[in-house]
Chemist: 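Can you read through this structure? Questions will come right after.
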Amino acid sequence: QVQVVESGGGLVQPGGSLRLSCAASGSMFSIYVMAWYRQAPGKQRELVARITPGGNTNYADSVKGRFTISRDNAKNTVYLQMNSLKPEDTAVYYCNVDLSYWGQGTQVTVSS
């Protein structure tokens, strides 16, 4: 069982930035595909960004150029740097490990 813990959410004004962190337990972190998803009220959960063990990344069209996913295998941690935030980015953000394990989610609210 892999434990997954997200942090870094909060309230930010439009145009602002936040960095989310996701720590995963265990010794296999370096071989996992890591991803961030989000779910807004009344909407389905959607993929935001994904990073492979080799560092290849994919992004949803809605966040390309604004969000950056990265990983630190030495710290068993994946990050999501979110810049130029918009109100439509408001959602609960979830970390996913290898399509198998989920964190509890962290709320991101973009509002003035």
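If you're wondering where the values come from, they're calculated on a predicted model, not measured in any experiment. Position 1 is the first residue of the sequence, and the numbers go up from there.
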Chemist: Any idea which heavy atoms bring Ile69 and Trp36 closest together, and the distance?
Modeler: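 The answer is CD1-CD1, 3.7 Å.
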Chemist: If you measure from CG on Leu80 to OH on Tyr37, what distance do you get to the nearest 0.5 Å?
Modeler: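 Reported to 0.5 Å precision, the distance equals 13.5 Å.
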Chemist: Can you give the donor-acceptor pairs under 3.5 Å from side chains of residues 9-24 to other protein atoms, not counting sequence neighbours?
Modeler:
unit_1	atom_1	unit_2	atom_2	d
Ser17	OG	Asn83	OD1	2.9

Chemist: Measuring from atom CD of Gln104 to atom CD of Gln3, what distance do you get when rounded to the nearest 0.5 angstrom?
Modeler: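 Reported to 0.5 Å precision, the distance equals 10.5 Å.
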Chemist: Report whether Val92 and Val108 are members of the same hydrophobic cluster (ILVMFWY, side-chain heavy atoms less than 4.5 Å apart, transitive linking).
Modeler: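 Per the 4.5 Å side-chain linkage, Val92 and Val108 are not co-clustered.
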Chemist: Parallel, tilted or perpendicular: which fits the ring planes of Phe67 and Tyr93, with parallel below 30° and perpendicular above 60°?
Modeler: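 Ring orientation, 0 to 90° scale: tilted.
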Chemist: Applying side-chain hydrogen bond (donor to acceptor under 3.5 Å, both in side chains), name anything that partners Asp89, two or more places apart in sequence or on another chain.
Modeler: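 Result, side-chain hydrogen bond (donor to acceptor under 3.5 Å, both in side chains) vs Asp89: Arg38, Arg66.
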Chemist: Could you go through the side-chain contact (heavy atoms from CB on, under 4.5 Å) check for Thr77 and Arg71 one step at a time?
Modeler: CA-CA 6 Å; Thr77 300; Arg71 66 192 298 159; over 6 Å; no
Chemist: Going from CE on Met34 to CZ on Arg50, what distance comes out if it is rounded to the nearest 0.5 angstrom?
Modeler: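 Reported value, rounded in 0.5 Å steps: 13.0 Å.
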Chemist: Is there a path from Val97 to Val48 through hydrophobic residues (I, L, V, M, F, W, Y) whose side chains come within less than 4.5 Å of each other?
Modeler: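 Val97 clusters together with Val48.
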Chemist: So Trp102 and Arg45, do their side chains get closer than 4.5 Å, heavy atoms only?
Modeler: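 A side-chain contact under 4.5 Å exists here.
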Chemist: Less than 4.5 Å apart, any side-chain heavy atom of Val4 and any of Tyr94?
Modeler: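 Heavy-atom side-chain distance check fails, nothing below 4.5 Å.
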Chemist: Would you say that Val78 contacts Ser70 through its side chain, given a criterion of any heavy-atom pair below 4.5 Å between the two side chains?
Modeler: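 No; the side chains remain at least 4.5 Å from each other.
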Chemist: Do Thr68 and Tyr79 touch side chain to side chain, with heavy atoms closer than 4.5 Å?
Modeler: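 Contact flag for Thr68/Tyr79 side chains = no.
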Chemist: For a 4.5 angstrom cut-off between non-hydrogen side-chain atoms, does Gln1 reach Tyr101?
Modeler: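 Yes, at least one pair of side-chain atoms sits under 4.5 Å.
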Chemist: Looking at every non-hydrogen atom in both residues, tell me the closest pair between Asp98 and Ile31 and how far apart they are.
Modeler: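 Taking every non-hydrogen atom into account, OD1-O, 4.4 Å.
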Chemist: Rounded to the nearest 0.5 Å, what separation is found between the CG atom of Asn76 and the OH atom of Tyr32?
Modeler: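 Nearest 0.5 Å value for the CG-OH distance: 9.0 Å.
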Chemist: For Thr90 and Val110, indicate whether the former's side chain and the latter's backbone hold a donor-acceptor pair under 3.5 Å.
Modeler: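 Confirmed, Thr90 side chain pairs with Val110 backbone.
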Chemist: Measure the shortest side-chain to side-chain distance between Ser100 and Val2 over non-hydrogen atoms and say whether it is less than 4.5 angstrom.
Modeler: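 A side-chain contact under 4.5 Å is absent here.
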